[in-house]
Amino acid sequence: MSTEDKERLRDSSSLIIAAPISKSKVEPGKANYKILLLQRSRLGTSASAHVFPGGNVDKADHDPRWATLLNYKPTGLNPPPLHNAICAIREAFEESGVLVSDPPMELSNDEIKIWRERVHDNAEEFYNLCTSHRLKPAVDRLCHFSSWITPPIEAKRFHTQFYLTVLPWSSESFSDSRVFADGKETTRLDWFTPEEAIEAYRSTTIQTFLPPQFVSLAHLLPVKKHEDLLKYFKDREILTIMPEFKMDSQDDQGIHLSGILPGDEEHSTQVQKGHKHRIHITRTKKGMNVRKYVHGPTEVKARL
């Protein structure tokens, strides 16, 4: 990737939030946790898509006081900068009301709403929230999950670090008056098991998934217990994924494309002979639909 391309990419972060389900409500063969998903507004980037909380890195996320507050010491292989983790936690709070912190936040619903609005208007307020209430963003409870670059076929491009965290309390413990979409950038908040989310997409209850969200959910499918999530993903090699799209066909339904991902036998640089790793999408005037994700012998179908 050229220096010019890198400069055009917007640095961003996203947080995959998993919350346990009460044992009595776990369905056979499905995960014992749910994932928080937000529906974007009809305007702007990712219009109407269901996404994980997230957004662009702000200059306030680079504040050196964060490292001092957290006594931060990087761990793992090539971890992203601290500002990406701060951004992920800040955006999740701003967009949903869920704050991943130590100790847990103990504010009233009205106080949370006020702080969410303050942080939305000025990212510097997130540091003020944490210090005034003696909270620390729990970056140590985040697992670096994946790294995606928007391909050149899109007008707006991002380099997004995805993180995974598991909450210590169940999704049912959140009231609608405490955890809800902000009504500005997002219009709806849902909790789904990975299986439910993909089924909701197949049935068009969820209108749009972009490739990073669909692929992330597909990778969550094999892990049925929230107790295993962080352990399962923490030692994975994190590859930067930028789909290399090629056209397969075109008909009255749209343009059918294959996005070649790292490790595929046709990838430009990271090639594994005889291996398939790709996502199939259809582009229309209204946007895109994921059709299926293929990773070796595993195939997760979305829409035919």
Side-chain angles (χ1 to χ4, degrees), residues 1 5 9 12 14 16 35 37 39-40 45-52 54 144-164 192 194-223 233 236-251 253-304:
M1 183 183 299
D5 284 338
L9 297 176
S12 60
S14 187
I16 305 170
I35 300 295
L37 287 168
Q39 185 175 22
R40 291 287 182 207
T45 306
S46 309
S48 298
H50 271 72
V51 297
F52 311 120
H144 190 203
F145 189 83
S146 61
S147 177
W148 284 75
I149 293 178
T150 313
I153 62 172
E154 301 294 343
K156 292 183 178 180
R157 302 184 62 203
F158 304 86
H159 188 178
T160 306
Q161 306 300 334
F162 286 81
Y163 295 87
L164 171 68
F192 291 104
E195 299 89 351
E196 289 171 344
I198 289 176
E199 186 54 42
Y201 182 62
R202 287 173 181 157
S203 67
T204 69
T205 300
I206 289 178
Q207 299 174 21
T208 305
F209 268 143
L210 301 177
Q213 283 72 31
F214 190 85
V215 170
S216 297
L217 289 166
H219 279 273
L220 290 170
L221 282 174
V223 188
F233 290 107
R236 291 193 312 167
E237 180 184 6
I238 304 297
L239 300 175
T240 298
I241 301 172
M242 184 178 73
E244 300 174 353
F245 281 106
K246 65 173 188 175
M247 191 172 85
D248 296 326
S249 62
Q250 184 174 0
D251 55 28
Q253 293 182 341
I255 302 173
H256 306 296
L257 302 165
S258 291
I260 308 302
L261 306 180
D264 190 278
E265 60 185 0
E266 296 183 22
H267 194 269
S268 61
T269 58
Q270 295 166 311
V271 181
Q272 187 174 336
K273 191 173 181 180
H275 185 73
K276 299 285 187 185
H277 187 208
R278 54 187 64 183
I279 189 161
H280 298 267
I281 70 168
T282 297
R283 286 185 71 95
T284 67
K285 292 181 180 179
K286 295 182 179 180
M288 73 166 66
N289 289 318
V290 175
R291 300 199 319 277
K292 64 179 177 180
Y293 170 60
V294 178
H295 192 190
T298 302
E299 181 175 302
V300 181
K301 293 182 179 180
R303 295 176 184 167
L304 301 179

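Side chains included, hydrogens not; waters and symmetry mates left out as well; all remaining heavy atoms used.
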Legend entry - Side-chain donor-acceptor pair present, Glu244, Ser268, cut-off under 3.5 Å: yes

Legend entry - Spacing of Leu217 atom CG and Glu196 atom CD [to the nearest 0.5 Å]: 11.5 Å

Legend entry - Over all atoms of both residues, closest heavy-atom pair of Pro243 and Ile149: CD-O, 3.8 Å

Legend entry - Validation row: Phe162, Leu164 side chains within 4.5 angstrom (heavy atoms): no

Inset, instruction - Supply the atom-to-atom distance Ile206 CD1 to Leu37 CG, rounded to the nearest 0.5 angstrom. - result: 5.5 Å

Inset, instruction - Flag the pair His256 / His280 as yes when at least one side-chain heavy-atom distance between them is below 4.5 Å, and no otherwise. - result: no

Inset, instruction - Evaluate the side-chain proximity of Ile241 to Pro262: yes if any heavy-atom separation is below 4.5 Å, no if none is. - result: yes

Inset, instruction - Using a 4.5 Å cut-off on heavy atoms from C-beta on, say whether the side chain of Thr284 contacts that of Gln253. - result: no

Legend entry - Residue pair Trp148 / Thr240, side-chain heavy-atom distance below 4.5 Å: no

Inset, instruction - Check whether any side-chain N or O of Arg157 sits under 3.5 Å from a backbone N or O of Leu9 as a donor-acceptor pair, and report yes or no. - result: no

Legend entry - Modelled atom types, side-chain donor and acceptor of Ser12 and His159, under 3.5 Å: no

Inset, instruction - Test Met288 against Glu154 for side-chain contact (heavy atoms from CB on, under 4.5 Å), laying out the working first. - result: CA-CA 11 Å; Met288 73 166 66; Glu154 301 294 343; 3.6 Å; yes

Legend entry - Value rounded to 0.5 Å, distance of CD1 in Ile279 from CZ in Arg291: 10.0 Å

Inset, instruction - Check the pair Thr150, Phe158 against side-chain contact (heavy atoms from CB on, under 4.5 Å), reporting the backbone distance first and the verdict last. - result: CA-CA 5 Å; Thr150 313; Phe158 304 86; 3.7 Å; yes

Inset, instruction - Mind checking the NZ-OG spacing from Lys286 to Ser48? Nearest 0.5 Å is all I need. - result: 10.5 Å

Inset, instruction - Ignoring hydrogens and angles, state whether a donor on the side chain of His144 or Gln161 is under 3.5 Å from an acceptor on the partner side chain. - result: yes

Legend entry - Sub-6.0 Å ring centroid separation between His295 and His219: yes

Inset, instruction - Grab the two heavy atoms, one from Ala218 and one from Val300, that are nearest each other, plus how far apart they are. - result: CB-CG2, 4.0 Å

Legend entry - Val215 vs Phe209 side-chain heavy atoms within contact, under 4.5 Å: no

Inset, instruction - Check whether any side-chain N or O of Arg278 sits under 3.5 Å from a backbone N or O of Tyr293 as a donor-acceptor pair, and report yes or no. - result: no

Legend entry - Any side-chain heavy-atom pair of Asp264 and Gln272 under 4.5 Å: no

Inset, instruction - Please tell me if the side chains of Thr208 and His50 come closer than 4.5 Å, counting only heavy atoms from C-beta onward. - result: no

Inset, instruction - Could you tell me whether the side chains of Thr282 and Asn289 share a donor-acceptor contact shorter than 3.5 Å? - result: no

Inset, instruction - Rounded to the nearest 0.5 Å, what's the gap from CZ on Phe233 to CG on Leu220? Could you check? - result: 5.0 Å

Inset, instruction - In sequence, state the C-alpha distance, the side-chain angles, and the governing distance for Leu239 and Ser147, and then conclude on side-chain contact (heavy atoms from CB on, under 4.5 Å). - result: CA-CA 7 Å; Leu239 300 175; Ser147 177; over 6 Å; no

Inset, instruction - Begin with the C-alpha distance, continue with both residues' side-chain angles, and end with the deciding distance and a verdict on side-chain contact (heavy atoms from CB on, under 4.5 Å) for Ile255 and Leu257. - result: CA-CA 6 Å; Ile255 302 173; Leu257 302 165; 3.9 Å; yes

Inset, instruction - Would you please indicate if the ring centroids of Tyr163 and Phe145 are separated by under 6.0 Å? - result: no

Inset, instruction - Please name the pair of heavy atoms, one in Phe52 and one in Ser14, separated by the smallest distance, quoted to 0.1 Å. - result: CB-OG, 3.4 Å

Inset, instruction - Take Glu266 and Lys246 through the salt bridge (charged side-chain N to carboxylate O under 4.0 Å, His left out) test and state the conclusion after the steps. - result: CA-CA 10 Å; Glu266 296 183 22; Lys246 65 173 188 175; 2.8 Å; yes

Inset, instruction - Kindly give the heavy-atom pair with the smallest separation between Met242 and Pro152, and that separation in Å. - result: SD-CD, 4.1 Å

Legend entry - From CD (Gln270) to CD1 (Ile260), nearest 0.5 Å: 13.0 Å

